[in-house]
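Chain A is the first sequence line, chain B the second, and so forth, proteins listed ahead of strands; every chain is numbered from 1.
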Amino acid sequence: MAFDGRNYSAPTPVSPYRYHSRAPATSFALSEVLINAYVAARLNERIVFQVCYPYDHRDPAFDGSYPGGIPLRPMTYPSTNYPIRVGEGFRYIPPEATHLRAEVHFACVGSIATVASHTLSARPIGAAGATIMAQAVATPIDVSAAAAMLAATGGRFRGQSAGQLLGAFLSPFGGTNPTRFSATMELELAAQNPGVVNEVWVDCNMAAAGRAGTQYQPLAAVCEWACKG
Amino acid sequence: MSKPSNTSTLSPLALGVGGEILTEDVLDVLGQLNWSFQNRPRVHISHTTGIDGWGGGDEISIMRILVPQLSAPQWAGGLRFRIHVRPEVESIAIGARFFFEPSTLDAGEAYWEIGGATLSSGTQITMSADHADNGDEIVSTVSTAITGTGSLLCLGKFASRSGSGAANFLRSFRVEDHPVATLPDPGTD
Amino acid sequence: MSKIGIPEAATTFGALDAANLGDGDPLDAWSLRTMARSSNLLIGQGEPALNLVWSSENVEALGELYGVPGALAGFGYLHWYVVLPPLTVPKRPGLSSFECAIMMNVIGTDTVEVQIGTNATGGLDPLAGESSPNVIVCTPASAVTSFLDYSIKGIPATRWASHETISIAIRGRFPDPIRVPSIFAPGGGSAQPTTAAIEKMYGPSTHVCSIKQWASVPSWPADLNALGRAIRVVDAPAASGGPPSPFSDLWAPRSLIGMGDGVSSGSSHELVMYPGIDSASQAAAFVGKYFEICEVPRWQICNLALWTEDRF
């Protein structure tokens, strides 16, 4: 039976007015209770998985010329061993769920314009083999303009406003600095996914043409289930 | 009679002000309310923790949750975190996915401490896994009668007991509530 | 007893038996109240929004600067420094505040502040401080090498949103008493000065500025900025071989964020600082005053958890 509550997203606290003696509108109170039950079923406890890669923030210089830098580990060099997983988890997907959503943050720097493609996938754990559902999002990585941004001598930070915070995940400088991106994905589930435990994961695939000279580093990934009307 | 727990297709607009209230509708509302409580168990934490190459490709290490080879009963620390458990929760489930080196037939153990379920009291939650479990999730449960509820400190420790692989690791884990089996009675507050 | 106009929520969910609502029976106020209280609890109880873990192996105890996979660690630089990417997390609509709990190891008894930015706070605020509702002040009561719990409640959240974007920044407080490190030339060379008269301020701006020494050229290691250092400017030199200068600071200490032009391979004689000078006149006024290279706090986090708080 179709889940009728998927259109309700605003909770309605039930006031004691509804049930005090001589209070009117008892049926209205019931409607509020029902709305809240629907809202709770639709919006409560949606986390599927969350991961944040660790970083050694002991060197704030992020112009790439000095040791340390943003990622704890050097950005991975491309290879033919793609796709690489960014995050994963196991989760019971409620029967009422219609979608999975994921947000990925990553850093990428390269010598030519390329594309980083992230895919959100879900597979019931009893279904070995092929993924049941997957949704890919492509993020174009245009490095041609960024390469000219940083002064050749290094050690200078241009374009910072007085109030801007420095840090690993701020707006980037170009050149040898990795550029930060984010990608969001929304996967419409198949009939097999809801109602059972699924393996859910996000992976990254770099376009073959851009792999040479491109470095990629995942930063974080979060995933949740959603019930859309 | 019992406590209803059902999904409903009743529209709240049908319960208009001044309208009649049918018993069936009230029971339907009660059923949906109870169902929504019972069927949204909490995921406290669900995190990936693998080391280099954890997905079989060129993955980057997330965490050095190695399962080092140690002679029993030694353990290596790895995880320390906090969760909030509602008072209605009856049991908590821990799921973990390991990687044990198949070529050397590696196997290992993990123990988890959740709140009052501790190693020192002998109520820790233990898991065993080996290379044949690679790809699967190992699940263990513990009653909140042991862990308690509220703000709970959690620990995860690991050890490899057999085999010689140096790259055994915890790939991902999660801690979540089991759906409440028995709907609780109303309190007196 | 309820107060008219104020929604009640049960402490724990209470499920009515169907017998309470029998065919032909009236719908009594108690039954409706019980359903309302449980319904309010269902929409009003807080839930996890974010729960992240990193290695709880103590980086300090391991004595390693880099290469400890899994550790979220850093220096408490003296300006707000973003340490996590902005993550969008699910949130129950109707809830308007977060509670944050952090397990952090702060070395010694230094102080490190953590700022949690949300949509409701307008993200991260470079001017946020101890009195801000979204700043946790982390100071160990005693110098222990372990992870301690720090938490804060009442972080503003966007009430009617079903998601919130969370950003985390960290700032250290200048240690008191200050600590002056030993600095050696690259390759295990001779001891290098941690203080001297300032010869010239370079590239002065409010963004960044630098001090460059030419007369007695130091050989500071080119990665000195990666060791958690800050620069004070004081009005008199510290006694040679003695304790750090007790004399007046002429400006708020700055974080050392880069080493400028090298003189010879692997060494540098320029200290790059953030933020820059406060006014143009400082560039000239500081010539002849004294810089001191000092240490900043060190921290490591093994767990960061965020929950929405109960509404009722």
Whatever's closer than 4.5 Å to a heavy atom in chain B on Val197(A) counts as side chain
By a 4.5 Å heavy-atom criterion (distance strictly below it), what part of Arg174(B) contacts chain A: side chain, backbone, both, or neither? side chain
Is the shortest side-chain N to carboxylate O distance from Glu186(A) to Arg101(A) below 4.0 Å? yes
Can you tell which of Glu88(A), Glu199(A), Gln50(A) has the highest number of heavy-atom pairs within less than 4.5 Å of chain B? Glu88(A)
Looking only at atom types and distance, does a side-chain atom of Arg42(A) sit under 3.5 Å from a main-chain N or O of Cys227(A), one as donor and one as acceptor? yes
Taking only Lys NZ, Arg NE, NH1 and NH2, and the carboxylate oxygens of Asp or Glu, determine whether Glu45(A) and Arg86(B) approach each other closer than 4.0 Å. no
Name the orientation class of the two ring planes belonging to Phe169(B) and Phe99(B) (parallel below 30°, tilted from 30 to 60°, perpendicular beyond 60°). parallel
Atom group of Glu32(A) that falls short of 4.5 Å from chain B, counting heavy atoms: neither
Would you mind checking which part of Arg91(A) comes under 4.5 Å of any heavy atom in chain B, side chain (CB onward), backbone (N, CA, C, O), both or neither? both
Who wins among Ser31(A), Ala40(A), Gly89(A) for the most heavy-atom pairs under 4.5 Å with chain B? Ser31(A)
Results of salt bridge (charged side-chain N to carboxylate O under 4.0 Å, His left out) for Glu109(B) - residues two or more places apart only: Arg161(B)
